Amino acid sequence: MDFIDLKSQYKMIESDINKRIKTVLEHGKFILGPEVSELEKKLAEYVGTKHCISCSSGTDALLLPLMAYGIGKGDAIFTSPFTFIATAEVIALLGATPVFVDIDPRTFNMDPDKLRKTIKELKNGKKISQGTPNNLCAKGIIPVDIFGLPADYDSINSIAKEEGLFVLEDAAQSFGGSYKGRKTCSLADVASTSFFPAKPLGCYGDGGAIFTNNAKLASVMDSLRVHGKGSDKYDNIRIGINGRLDTIQAAILLSKLKIFDDEIQKRQLIAGSYSKDLAGKAETPFVPDGYVSAWAQYSILSDKKNQSIVKLNEAGIPTMVYYQTPLHQQTAFAYLCYEKGSMPVSEKTSEKIFSLPMHGYLSEIQQKEIISRL
Ligand SMILES: *Cc1c(COP(=O)(O)O)cnc(C)c1O
């Protein structure tokens, strides 16, 4: 059994994918070829934003908006400690400081009450942690749609407005999900997603995309993506990066986009039967009314986590632990000197959480097997 079954998916669309790759090999426009702009147009339509800028990874999709906002030394960006390293890494990479805000125990997403409190504390000069510099300037918020479930954007956006901050939605795991009728990637000032193969919409390598309705921001990010280009890439008006999506990856994504809504539908059914059959045996994921998860992961909480993992693995059923170590406890962020117990919900969640196989090709028989082993 695969944790994420990309082989079955490939079998489904093999001839279309092969044909599209061949087309690219034949036209030879490997960098920013016609498939890239076609994909950007389709993705923007899909999520309902004016602009989509594809890029080389979900990490660069987070980095480019921060660069466009001019984030650097002395700036504070509020984010969740219960996420993949990339979310906070890009903040530190630019010389700014990630300020962690603990999560809600049921959604595992940033807790808006704690966000409001932490912003006030920072603005009032309270010490955030031993290693967090004094006198940081609050600039923005990166909420993460963890496991595919959107964060609480009504609350977060309204706090951001009051405090004069921008919001960058980290939708690396939630492409295909929605919040109160609106698709993820359209829920904040700017949003980023990832096409890493294991994400809900994955390519066959690295890839990502950025979404916004802000034309000015879009044009700066478009320039930053190609070495800070001006009228062309040999006219350089700012310091940028090489952050383009390969044409071959765009071609693959165009093919996968055609079956994507069906896959998201199947993930809903699979998550539904997991939650029904595991009720009372483990803490199953909570999806608030009006939210649709893209089910990047199906994660449960159990006091017998280690025992369950051993049992499942012995039966040939793969499991993963997202996340073993919250970011404030990662060695890379040791310089911030967060104390143990400073993010109690994230720390407790990390101890009890693990994820079960989840993808659109999980059969009923496989799922029955997983549930019975549990
Ligand atoms: C995967 C992921 C990223 C980074 O995406 P890459 O394409 O691997 O660079 C960022 N944030 C979150 C929450 C992720 O899960």
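Note that the structure is predicted; figures quoted are calculated from it, not measured. When a ligand or atom number is given, it counts from 1 through the structure's own listing order.
- Under the 6.0 Å distance and 45° angle rule, Lys266 counts as a cation-pi partner of Tyr361.
- Of the N or O atoms in Thr83, none lie within a sub-3.5 Å distance of an N or O in ligand 1.
- For the pair Glu163 and Lys123, the salt-bridge criterion is met [side-chain N within less than 4.0 Å of a carboxylate O].
- Among the atoms of Asp206, none of the N or O lies under 3.5 angstrom from an N or O of ligand 1.
- One option in Asp145, Thr59, Ile146 has a heavy atom closer to atom 4 (C) of ligand 1 than any other, and that option is Thr59.
- Annotation: Gly58 places an N or O atom under 3.5 Å from an N or O atom of ligand 1; distance criterion only.
- Among all protein heavy atoms, the one lying closest to atom 2 (C) of ligand 1 is Lys199 NZ, 2.5 Å.
- Each of the following atoms of ligand 1 lies closer than 4.0 Å to a heavy atom of Asp170: 10 (C), 11 (N), 12 (C), 13 (C).
- A donor-acceptor contact under 3.5 angstrom links the side chains of Gln367 and Ser273, judged on distance only.
- A salt bridge links Asp222 with Lys229: the distance from a Lys NZ or Arg NE/NH1/NH2 to an Asp or Glu carboxylate oxygen falls below 4.0 Å.
- Under a 4.0 Å N-O distance rule, the pair Glu38/Lys29 does not qualify as a salt bridge.
- Under a 4.0 Å criterion applied to the non-hydrogen atoms of Ser194, ligand 1 contributes the atoms 5 (O), 6 (P), 7 (O).
- Asp154 and Lys180 are joined by a salt bridge, as a carboxylate oxygen and a charged side-chain nitrogen come within less than 4.0 angstrom of each other.
- For ligand 1, the atoms closer than 4.0 angstrom to any heavy atom of Thr87 are 11 (N), 13 (C).
- Between Arg267 and Glu263 there is no salt bridge, since no side-chain nitrogen of the basic residue lies less than 4.0 Å from a carboxylate oxygen of the acidic one.
- Atoms of ligand 1 found under 4.0 Å from any heavy atom of Val144 (numbered from 1 in listed order, with element): 13 (C).
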